[in-house]
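For reference, positions follow the sequence shown, starting with 1.
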Amino acid sequence: MPDVRSRLTPGRACGLLGLLTLVLAWLTLEGRLDLVNALSALFAPASDDINQLMAHYSWWPRLSVALLAGGGLGLAGVLMQQVLRNPLAAPTTLGVASGANLALLVTTLMAPGLLALGREWVALLGGGLAMALVFLLAWRRGLAPIVVVLAGLVVNLYFGALGTLLLLFNQEALKGLMIWGAGSLAQNNWDGVMFLGPRLALSAGLALLLLKPLAVLELDDANARSLGVSLKHLRLASLALAVFVTACVVSVVGVIGFIGLAAPAIVRLLGARRLGPRLLWSALFGALLLAATDLLLQRFSNALPTLIPTGATTAALGAPLLLWLIPRLKLGGNQPPAAHVNPTPRRSTPGRWAACLAVGLLVATVIALGVGQGVDGWHWRVPFTRDSMIEWRLPRMLAAGGAGIMLALAGTLIQRMTGNPMASPEVLGISGGTAIALIGALFLLPGASQMTLIGIGTLGALVTMGILIALNQRSGFLPERLLLSGVAITSLFDAVRSFVLAGGDPRGQQIIAWLSGSTYYVDLPAALIVASLAILLAWGTRPFSRWLDLLPLGDPTASALGVNVLRSRLLLLGLVALLTASATLVVGPLSFVGLLAPHMARLMGLTRARDHLLGAVLMGALLMVTADWLGRQMLFPAEVPAGLVASLLGGAYFMWGLRRL
């Protein structure tokens with residue numbers, strides 16, 4: 001049987017997608033306008049026909065904006081992939097869209113007058129800063145594809161945490177921006193079309209002018225320079241154009257996920273290898289793909305219980321696409337080999353370092369219970385006295401410390417099993433999968449008990465790990481592909497979070513508080529359960545120390561030394577799922593403690609498994625207790641959730657870790 005891809009060319013694919021778009025357009029207008037009246041409504045709507053007026057001022061502008069935004073994102077994706085020689089580069093994977101969105105949020109709150117100068121310039125500044133940060137993180141590795149995408153992941157998560165912080169303290173001022181930020185194409189006039197049309201037309205013209213110089217980038221740098229091309233200026237100009245296009249789109253419709261990745265990737269897989277055809281077909285395919293997705297949502301919007309933003313929908317569809325693309329795309333490129341990293345020296349007295357961490361945790365506990373701000377300023381009260389506010393502070397301290405212990409244990413187990421120092425429940429998407437399951441439970445099972453939620457969260461974590469194993473088993477669990485799979489799953493979680501934020505459901509505020517990792521609503525019985533479970537699970541990992549010492553040596557060596565590799569991995573993965581679910585239920589999914597605590601324990605020289613586990617447990621508890629206390633004091637009387645504080649600290653550490661990767 002002949003290969004289907006040999007018959008399905010980019011032109012035919014665009015033709016089929018265009019036909020689908022026309023059918024969906026007719027279905028959305030069915031019962032309101034026929035074809036003649038719809039076309040008449042586009043140019044000269046009858047003033048006494050409400051359906052024609054709605055079509056003229058809403059339906060047609062929305063379709064036009066969808067085509068323009070999708071085409072612009074497809075164009076930006078091709079430019080980024082060509083310049084960086086990275087098939088996974090796109091406005092969303094590189095953090096450009098989230099940077100532009102954050103800049104618009106900050107400007108709306110603090111300097112709304114700047115928006116009158118041009119929303120696209122504000123978004124351009126934010127997107128440019130995000131791109132510069134990604135370059136800074138990945139420059140030492142020659143912009144290797146895996147490092148660039150991981151840098152984009154952490155920038156997305158970091159900017160997302162900052163955006164969530166703004167939403168928590170300015171919910172009324174930013175209420176309308178929740179829907180827009182999730183990618184809303186709804187229009188009530190032609191202003192968006194008039195804004196995007198000329199700018200995207202100018203950008204397309206500039207891209208055509210850069211077509212021949214950009215084609216030289218398919219050669220290596222030495223051959224390109226021999227042809228007289230200034231690679232530095234060419235790359236700078238091309239990326240600036242891509243960021244400008246993205247900024248224009250984000251300033252009108254918000255963040256539209258994965259169109260900039262999907263359109264160029266599909267077009268390339270269908271046979272468009274040269275740059276010129278890729279630019280043309282990617283822009284056309286992106287335009288039709290976004291329009292078809294939006295029309296499909298409009299067709300079934302009445303049957304849906306809540307508002308579904310188009311941008312979040314494309315992100316949800318793009319995550320499985322990314323999972324499908326990862327095994328099929330070459331990620332190596334002509335990059336220089338990584339420099340050898342000297343292993344961390346093993347300490348001869350690990351007990352001394354563990355004692356130092358224990359003392360630090362004790363000091364942090366005393367400060368968290370006894371030091372705080374009040375209406376009369378800073379005060380100190382001796383803990384465990386009647387007037388010490390102990391009934392308010394102790395539950396939060398216990399819950400934060402217990403969650404830190406469980407995340408640290410989960411991160412240590414994953415890092416030692418995979419041999420990947422950048423792995424953690426947050427980075428691999430396990431926390432995201434757990435959060436998706438818990439969000440579903442909170443909406444579908446109101447009043448569910450804590451044990452029920454822990455069980456559902458554990459199931460979500462196990463399903464996520466099953467997906468990771470299925471996708472990476474053939475490649476031997478290469479760290480690069482494993483981390484990229486986590487990127488895709490985390491993106492799916494971001495899409496679900498956008499659905500929740502934009503839906504308008506009153507329970508959404510509870511979800512926002514939980515996602516940000518607040519310990520505000522934890523009472524003493526629940527805190528005692530969390531702390532006891534954390535200590536019990538920490539003690540329960542001690543018998544696995546021998547496995548954790550031998551598994552990093554490789555399966556053959558571990559098997560030769562008497563370890564049943566399959567059984568040990570399955571048991572440890574089940575323990576990781578339980579730890580992640582229990583901790584995520586308390587402090588949300590994006591704390592980065594699972595990455596930070598094992599790393600810092602290893603840097604102290606605690607390399608043997610038992611020492612590593614003990615150091616990570618103490619460090620995880622210390623980090624979360626400190627984060628909870630800082631969150632209570634930073635913006636007093638307002639509070640920053642502990643999970644958000646930890647994610648900001650952990651995200652900064654992740655960036656530093658990427659610089660050393």
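The minimum heavy-atom distance linking M397 with A368 is given by the pair CG-CB, 4.2 Å. In this structure, L573 and M465 approach most closely via the heavy-atom pair O-CE, 2.9 Å. W629 approaches V371 most closely through the heavy-atom pair NE1-O, 3.0 Å. The heavy-atom pair separating L462 from G574 by the smallest distance is CD2-CA, 4.1 Å. Between A642 and A627 the shortest heavy-atom distance is O-CB, 3.8 Å. Of all heavy-atom pairs spanning H612 and A601, the tightest one is CD2-CB, 3.9 Å.
The structure places OG of S568 at 9.5 Å from CG of L550, a figure rounded to the nearest 0.5 Å. In this structure, the separation between CE on M417 and OG1 on T412 is 10.5 Å, given to the nearest 0.5 Å. Atom CG of L104 sits about 11.0 Å away from atom CG of L114, to the nearest 0.5 Å. Separation of atoms CG (L613) and CZ (R416) is listed at 7.0 Å; rounding is to 0.5 Å. Of the inter-residue distances, the one linking L606 atom CG with L357 atom CG reads 7.0 Å to the nearest 0.5 angstrom. Atom-to-atom distance recorded for I414:CD1 and L572:CG is 10.5 Å, nearest 0.5 angstrom.
In this structure, S582 has no side chain to side chain donor-acceptor pair (under 3.5 Å) partners at least two apart in sequence or on a different chain. Residues forming a side-chain contact (heavy atoms from CB on, under 4.5 Å) with S424 (at least two apart in sequence, or on another chain): E426, V427, L595. With sequence neighbours excluded, no residue forms a side chain to side chain donor-acceptor pair (under 3.5 Å) with D611.
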Name every donor-acceptor pair, under 3.5 Å, that has one atom in a side chain of residues 529-541 and the other anywhere in the protein, sequence neighbours excluded.
from, atom 1, to, atom 2, distance (Å)
S532, OG, L528, O, 2.7
T541, OG1, A538, O, 2.7

Would you list the atom pairs, donor with acceptor, under 3.5 Å between side chains in residues 451-459 and any protein atom, with sequence neighbours excluded?
from, atom 1, to, atom 2, distance (Å)
T452, OG1, S449, OG, 2.8
T458, OG1, I454, O, 2.7

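Among pairs with a residue in residues 430-450, none fulfils salt bridge (Lys or Arg N to Asp or Glu O under 4.0 Å), at least two apart in sequence or across chains.
Between L571 and L575 there is no side-chain heavy-atom pair separated by less than 4.5 Å. Put simply, the side chain of V625 does not reach to within 4.5 Å of the side chain of I367, judged on heavy atoms. Residues L579 and I405 have side chains not in contact (no heavy-atom distance under 4.5 Å, counting atoms from C-beta outward). No side-chain heavy atom of L413 sits under 4.5 Å from any side-chain heavy atom of F544. A 4.5 Å side-chain heavy-atom check between T434 and T464 finds every atom pair outside the cut-off. Under the 4.5 Å side-chain criterion, counting only non-hydrogen atoms from C-beta, M619 is in contact with M604.
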Worked check of salt bridge (charged side-chain N to carboxylate O under 4.0 Å, His left out) between D549 and R610: CA-CA 9 Å; D549 277 325; R610 181 165 294 189; over 6 Å; no
